[in-house]
**Student:** 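I have a structure I would like to understand better, so I am pasting it below and will then ask my questions one at a time.
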Amino acid sequence: MVFALKTSSIRSAAPAFDEIFRDSAEAAASLDCEAPVLCFSPAKLAARANQFIDGFPGEVGYAVKANPCAKVITVLAQAGVGVFDVASTMEMKAVARICPTAKLHYHNPVKSRSEIATAWHAFGCRRFAADSHEELAKIAQSVGSASGTEIAIRFCLPSQDASAHDFSSKFGADETVAAELIRQAVEFGFAPLLTFHPGSQCTDPKAWIRHIEAAGRIANTAGIALARLNVGGGFPACYTGSAGPDLVTYFDTIADCVSAVFGDHPPALECEPGRSIAAPAFSLLTCVKLVRARSADLFLNDGIYGGLLEATQVSDLLPFYRVLRDGQVVTATDQRAFTVFGPTCDPLDVLPVPLLLPSDVRESDVIEFAGIGAYGMATATSFNGYGSVSQVTVKNAYTGHGNC
Ligand SMILES: *Cc1c(COP(=O)(O)O)cnc(C)c1O
């Protein structure tokens with residue numbers, strides 16, 4: 001009963017994120033953890049955004065889909081991010097409410113006519129993506145050929161498995177079609193640019209080289225001097241099974257390749273990371289509800305229908321994790337592999353790989369997952385009556401290991 005009161009007071013009385021703790025261990029010690037707790041570090045988010053703003057050789061946007069939380073958008077806008085990649089009119093609304101002057105890039109390559117019209121009229125959006133003749137015609141018919149509209153032609157290359165999620169299976173014109181589309185966009189009176197997405201959590205900087213070289217070929221074939229080139233998201237965050245080199249390596253690779261390909265007339269560059277900016281700013285505190293010692297089964301109060309979905313899609317994306325007890329990190333030499341289930345009654349609600357945990361892990365211990373800020377809370381459901389989460393602010397983020 002005491003537990004229930006404590007949790008509900010956090011959720012209802014205090015606005016989300018109002019409680020400020022030094023770090024997640026301090027938060028874990030003061031919270032009952034009846035519901036899972038998201039620990040948000042605005043400082044970490046701003047620092048990560050600044051790594052992009054200071055290092056990327058062009059304009060930095062943020063892909064809202066990774067984490068559309070109002071606090072995230074607020075902190076990024078304050079850090080100087082003025083461009084937001086949006087995929088829906090709901091995302092436009094989320095950005096416009098906080099930052100009415102932000103530039104919106106509607107880079108979802110498939111939009112309904114009414115979504116295009118709403119973006120144009122209600123949100124002042126002047127940037128639309130297309131990867132087909134059909135979509136380009138739809139945009140032209142919906143907004144007319146009024147000047148000032150930019151069309152980002154999305155192209156793709158055959159996948160080389162350098163990323164966790166391959167976007168080329170769903171979006172992107174091949175080089176031949178992209179060259180046709182760019183010419184057609186000009187005929188419609190639009191300002192054309194090229195864009196690509198090398199795949200999310202793309203750990204190989206050479207993927208950008210392949211795409212920038214292709215952009216050069218497409219522009220040549222179309223006979224057009226590219227004014228702008230959007231090099232996508234895809235920059236990595238840090239997970240137990242996946243990490244890339246330092247961000248600076250990506251920025252240098254991109255800058256060098258653009259000058260090699262485009263020489264004296266390089267296009268202005270843009271990027272639109274989601275994961276790499278948002279992931280390290282959040283960790284998730286989950287609580288052990290039950291340990292079946294004999295079979296090494298462990299039940300948490302959150303799982304794949306909550307903040308931990310992505311690990312089941314790509315097991316390399318299992319977050320770094322640690323065990324907290326009474327606000328202290330439990331370091332044990334004696335460890336055991338546990339099968340970790342979530343709180344719902346669905347048998348699929350289980351982590352894809354066992355977690356190595358102290359063998360005396362017990363009820364009420366906290367298991368903290370790092371780097372949950374991208375595609376964690378954004379995809380959480382309330383399936384089976386779970387999914388509510390408490391939210392606190394921490395000064396220092398737990399990010400696990402690696403250079404995130
Ligand atoms: C999802 C998405 C992004 C962000 O991708 P990350 O891998 O999270 O950086 C950027 N641009 C577009 C068009 C997207 O759909």
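Below, each value reflects all heavy atoms present in this structure, side chains not excepted, and no hydrogens, waters or symmetry copies. Counting starts at 1 for both ligands and their atoms, following the listed order.
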**Student:** Hey, does H107 come in under 3.5 Å of ligand 1, counting only N/O atoms on both sides?
**Tutor:**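 No, H107 has no N/O under 3.5 Å of an N/O on ligand 1.
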**Student:** Does the plane of the ring in F40 sit parallel, tilted or perpendicular to the ring in F282? Use 30° and 60° as the thresholds.
**Tutor:**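 Parallel, since the angle between the ring planes stays under 30°.
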**Student:** Flag R275 as yes when one of its N or O atoms lies below 3.5 Å from any N or O atom of ligand 1, and as no otherwise.
**Tutor:**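 The answer is yes, given that R275 and ligand 1 share an N or O pair closer than 3.5 Å.
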**Student:** Just to confirm my output: which protein heavy-atom neighbour is closest to atom 12 (C) of ligand 1, and how far is it?
**Tutor:**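 Its nearest protein heavy-atom neighbour is D85 OD2, 3.4 Å.
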**Student:** Please report the closest heavy-atom contact between C404 and A237, naming both atoms and the distance.
**Tutor:**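 Shortest heavy-atom separation between C404 and A237 comes out as SG-C, 3.4 Å.
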**Student:** Residue-level breakdown please: for A63 versus ligand 1, do any non-hydrogen atoms fall below 4.0 Å on the side chain, on the backbone, on both, or on neither?
**Tutor:**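 Just the side chain.
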**Student:** Kindly determine whether H211 and V231 satisfy side chain to side chain contact (heavy atoms under 4.5 Å, CB included), including the steps that lead there.
**Tutor:** CA-CA 8 Å; H211 284 85; V231 300; over 6 Å; no
**Student:** Before giving the answer on salt bridge (charged side-chain N to carboxylate O under 4.0 Å, His left out), spell out for K138 and E135 the whole-Å C-alpha distance, their side-chain angles and the decisive distance to 0.1 Å.
**Tutor:** CA-CA 5 Å; K138 211 159 68 176; E135 182 75 7; 3.1 Å; yes
**Student:** May I ask whether A374 has any heavy atom positioned less than 4.0 angstrom from an atom of ligand 1?
**Tutor:**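 Contact absent.
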**Student:** Could you tell me whether some N/O pair between P273 and ligand 1 is separated by less than 3.5 angstrom?
**Tutor:**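 The answer is no, given that P273 and ligand 1 share no N or O pair closer than 3.5 Å.
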**Student:** Tell me which protein heavy atom sits closest to atom 10 (C) of ligand 1, plus the residue, atom name and distance to 0.1 Å.
**Tutor:**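 Minimum-distance protein heavy atom for atom 10 (C) of ligand 1 reads E272 O, 3.3 Å.
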**Student:** Is the shortest side-chain N to carboxylate O distance from R127 to E270 below 4.0 Å?
**Tutor:**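 Salt bridge flag = yes for E270 with R127.
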**Student:** If the cut-off is 4.0 Å to any non-hydrogen atom of G274, which atoms of ligand 1 fall inside it?
**Tutor:**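 The atoms of ligand 1 under 4.0 Å from a heavy atom of G274 are 4 (C), 6 (P), 8 (O), 9 (O).
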**Student:** Do you know which of H197, Q201, E310 makes side-chain hydrogen bond (donor to acceptor under 3.5 Å, both in side chains) with H165?
**Tutor:**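 The side-chain hydrogen bond (donor to acceptor under 3.5 Å, both in side chains) with H165 is passed solely by E310 among H197, Q201, E310.
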**Student:** Under a 4.0 angstrom heavy-atom cut-off, which atoms of ligand 1 come close to R154?
**Tutor:**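 Per the distance check, 13 (C).
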**Student:** Under 4.0 Å, heavy atoms only, figure out whether ligand 1 is touched by the backbone of H165, its side chain, both or neither.
**Tutor:**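 Within the 4.0 Å criterion, H165 makes no contact with ligand 1.
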**Student:** Quick one: do D131 and R154 make a salt bridge, cutoff under 4.0 Å?
**Tutor:**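 No, no charged N to carboxylate O under 4.0 Å.
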**Student:** Which protein non-hydrogen atom lies closest to atom 7 (O) of ligand 1, naming both residue and atom, and how far is it?
**Tutor:**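 Atom 7 (O) of ligand 1 sits closest to the protein heavy atom S200 OG, 2.4 Å.
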**Student:** For D326, does the CG atom sit with more than 12 other heavy atoms under 6.0 Å from it, leaving out its own atoms?
**Tutor:**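 At most 12 heavy atoms, drawn from other residues, nucleotides or ligands, come within 6.0 Å of this atom.
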**Student:** Is there at least one pair of N or O atoms, one from Y375 and one from ligand 1, spaced under 3.5 Å apart?
**Tutor:**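 Yes, since at least one N or O of Y375 sits under 3.5 Å from an N or O of ligand 1.
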**Student:** Looking only at protein heavy atoms, identify the closest one to atom 5 (O) of ligand 1 and say how far it is in Å.
**Tutor:**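 I find the closest protein heavy atom is H197 NE2, 2.9 Å.
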**Student:** What do you reckon, does F171 put a non-hydrogen atom under 4.0 Å from ligand 1?
**Tutor:**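 False for this residue.
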**Student:** Pick one of side chain, backbone, both or neither for how K65 approaches ligand 1, counting any non-hydrogen atom pair under 4.0 Å.
**Tutor:**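 Under 4.0 Å from ligand 1, K65 contributes side-chain atoms alone.
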**Student:** Need the ligand 1 atom indices (1-based, order shown) with element for anything under 4.0 Å from a heavy-atom of G234.
**Tutor:**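 Taking each heavy atom of G234 in turn, ligand 1 has 5 (O), 6 (P), 7 (O), 9 (O) under 4.0 Å.
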**Student:** Less than 6.0 angstrom from the centroid, inside 45 degrees of the normal: does R48 satisfy that with respect to the ring of F52?
**Tutor:**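 No, R48 does not sit over the ring of F52.
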**Student:** Could an N or O of ligand 1 be found under 3.5 Å from any N or O of G232, whether backbone or side chain?
**Tutor:**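 N/O-N/O distance under 3.5 Å: no.
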**Student:** Could you check whether the rings of F128 and W120 sit parallel, tilted or perpendicular, using 30° and 60° as the cut-offs?
**Tutor:**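 Aromatic pair F128/W120 classed parallel.
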**Student:** For the side chain of S168 and the backbone of C156, is there at least one donor-acceptor N/O pair under 3.5 Å apart?
**Tutor:**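 Absent.
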